[in-house]
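First up is the structure itself, then whatever we jot down about it.
Remember, predicted model here, so these are calculated numbers, not experimental data.
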Amino acid sequence: MISVQNISKDKYAIHIQPNSSLTGNYRIFFILSIAIICLGIATVFFFVGATLILPFAGLEISILIFAFYLNFKWSSKKEKIYISQEKVTIEKGIHKADYRWEEFRTFTSFQVTKDINKSLKLSFRSKGEDVEVGAFLNEDDKNILKDEVSSIINALNA
């Protein structure tokens, strides 16, 4: 998901995060519904006499919750790109900026390359350092990001 915000006449902010089909309380509802169904069936089998099904169902639900936790943590990534007449700032993190890169815009170039798999790689380059942005986006979103950044740069150069 990409959203562009015009903060002032010569300052723009681009917010990037992965697409996510489940958000908020829907995530919890989905996991709980699977857990209740699985543990309900395992409980019925436990009372019928198949006692080993219940511990393995609990293990299965534990692994499922851990996998969903990792996926939800990954989908909470956020990147913010601030482009102004003077500087380019990139912040990456989940809840707060864990990584921050800032450079003068005159020394920075926007790079669009293709990797081995022929997918777009978007990055800002300055002083020999590349900072990739939107690595988690799909190809359509990367093309949108490329067009948005290019139009912002053209607007600032005009």
Side-chain angles (χ1 to χ4, degrees), residues 1-39 58-158:
M1 183 176 91
I2 300 167
S3 64
V4 179
Q5 180 183 11
N6 189 351
I7 297 173
S8 66
K9 180 183 174 186
D10 62 344
K11 187 170 185 178
Y12 295 87
I14 303 171
H15 302 281
I16 309 167
Q17 65 186 66
N19 295 329
S20 180
S21 59
L22 287 176
T23 57
N25 291 333
Y26 297 112
R27 293 175 172 180
I28 296 169
F29 177 73
F30 181 71
I31 292 173
L32 280 177
S33 64
I34 291 175
I36 289 171
I37 291 170
C38 183
L39 291 176
L59 181 64
E60 177 185 356
I61 295 301
S62 301
I63 292 170
L64 181 72
I65 289 172
F66 181 69
F68 271 98
Y69 169 76
L70 292 177
N71 180 271
F72 295 155
K73 187 174 179 181
W74 177 85
S75 67
S76 297
K77 288 181 182 180
K78 293 180 177 126
E79 293 182 3
K80 295 179 183 176
I81 305 170
Y82 299 100
I83 303 174
S84 68
Q85 196 66 36
E86 297 86 26
K87 291 190 177 189
V88 174
T89 306
I90 299 173
E91 295 177 350
K92 296 181 180 186
I94 293 178
H95 298 294
K96 61 181 178 76
D98 297 328
Y99 174 79
R100 181 179 169 88
W101 182 81
E102 186 173 83
E103 193 59 61
F104 289 105
R105 194 171 78 85
T106 54
F107 301 131
T108 305
S109 65
F110 181 60
Q111 303 287 318
V112 179
T113 57
K114 292 197 178 221
D115 63 4
I116 297 170
N117 300 327
K118 304 224 190 255
S119 66
L120 284 178
K121 180 181 175 189
L122 308 174
S123 63
F124 286 90
R125 183 177 182 88
S126 180
K127 299 178 185 173
E129 182 182 0
D130 275 343
V131 178
E132 187 175 359
V133 292
F136 46 77
L137 296 175
N138 59 26
E139 284 299 308
D140 294 334
D141 286 343
K142 283 183 182 181
N143 283 320
I144 292 170
L145 179 61
K146 177 186 77 160
D147 295 339
E148 290 290 341
V149 171
S150 298
S151 66
I152 289 171
I153 291 172
N154 289 336
L156 289 173
N157 287 341

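If you run side chain to side chain contact (heavy atoms under 4.5 Å, CB included) between Phe124 and each of Val149, Asp130, Thr89, only Val149 comes through.
A donor-acceptor contact shorter than 3.5 Å is absent between the side chain of Glu79 and the backbone of Ile90. Not a single donor-acceptor pair under 3.5 Å links the side chain of Asn6 to the backbone N or O of Tyr12. Panel note: side chain Thr108, backbone Ser126; no donor-acceptor pair is recorded below 3.5 Å.
Between Phe136 and Lys77, the shortest heavy-atom distance links the atoms CD2-CD, 4.2 Å. In terms of heavy-atom proximity, Ala97 sits nearest to Glu91 at CB-CB, 4.0 Å. For the pair Leu156 and Ser84, the tightest heavy-atom approach, listed with the atom from each and the gap, is CD1-O, 3.7 Å. Across all non-hydrogen atoms, the minimal contact from Ser75 to Pro18 is O-CD, 3.9 Å. Shortest non-hydrogen contact noted between Ala13 and Ile7 is CB-CD1, 3.6 Å. Nearest heavy atoms, Cys38 versus Ile61: CB-CD1, 3.8 Å.
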(message) Could you walk me through whether His15 and Lys80 satisfy the side-chain contact (heavy atoms from CB on, under 4.5 Å) test, starting with their C-alpha distance in whole Å, then the side-chain angles of each, then the deciding distance to 0.1 Å, before giving a yes or no?
(response) CA-CA 5 Å; His15 302 281; Lys80 295 179 183 176; 3.5 Å; yes

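We find the CG-CD distance between Asn143 and Glu148 to be 12.0 Å, quoted to the nearest 0.5 Å. Between the CD atom of Glu60 and the CD1 atom of Ile34 there is a distance of 9.5 Å, given to the nearest 0.5 Å. Here the CD-OG1 distance, from Gln85 to Thr106, works out to 10.0 Å after rounding to the nearest 0.5 Å. In this structure, the separation between CG on Leu120 and CG on Asp141 is 11.5 Å, given to the nearest 0.5 Å. Summarising the geometry, atom CD1 belonging to Ile14 is positioned 6.0 Å from atom CG belonging to Leu145; distances are rounded to the nearest 0.5 Å. Rounding to the nearest 0.5 Å gives a distance of 11.5 Å between OH of Tyr82 and CD of Glu102.
In the displayed structure, Phe72 atom CZ is contacted under 6.0 Å by more than 12 heavy atoms of other residues, nucleotides or ligands. The number of heavy-atom neighbours closer than 6.0 Å to OH of Tyr99, taken from other residues, nucleotides and ligands shown, is above 12.
Take Ser119 and apply the side chain to side chain donor-acceptor pair (under 3.5 Å) test, not counting sequence neighbours, and it matches Asp115.
Side-chain contact of Arg27 with Asn71: a donor-acceptor pair under 3.5 Å is absent, judged by distance alone.
In this structure the side chain of Trp101 never reaches within 4.5 angstrom of the side chain of Lys92, judged on heavy atoms.
The pair Lys96-Asp98 counts as a salt bridge, with a side-chain nitrogen and a carboxylate oxygen less than 4.0 angstrom apart.
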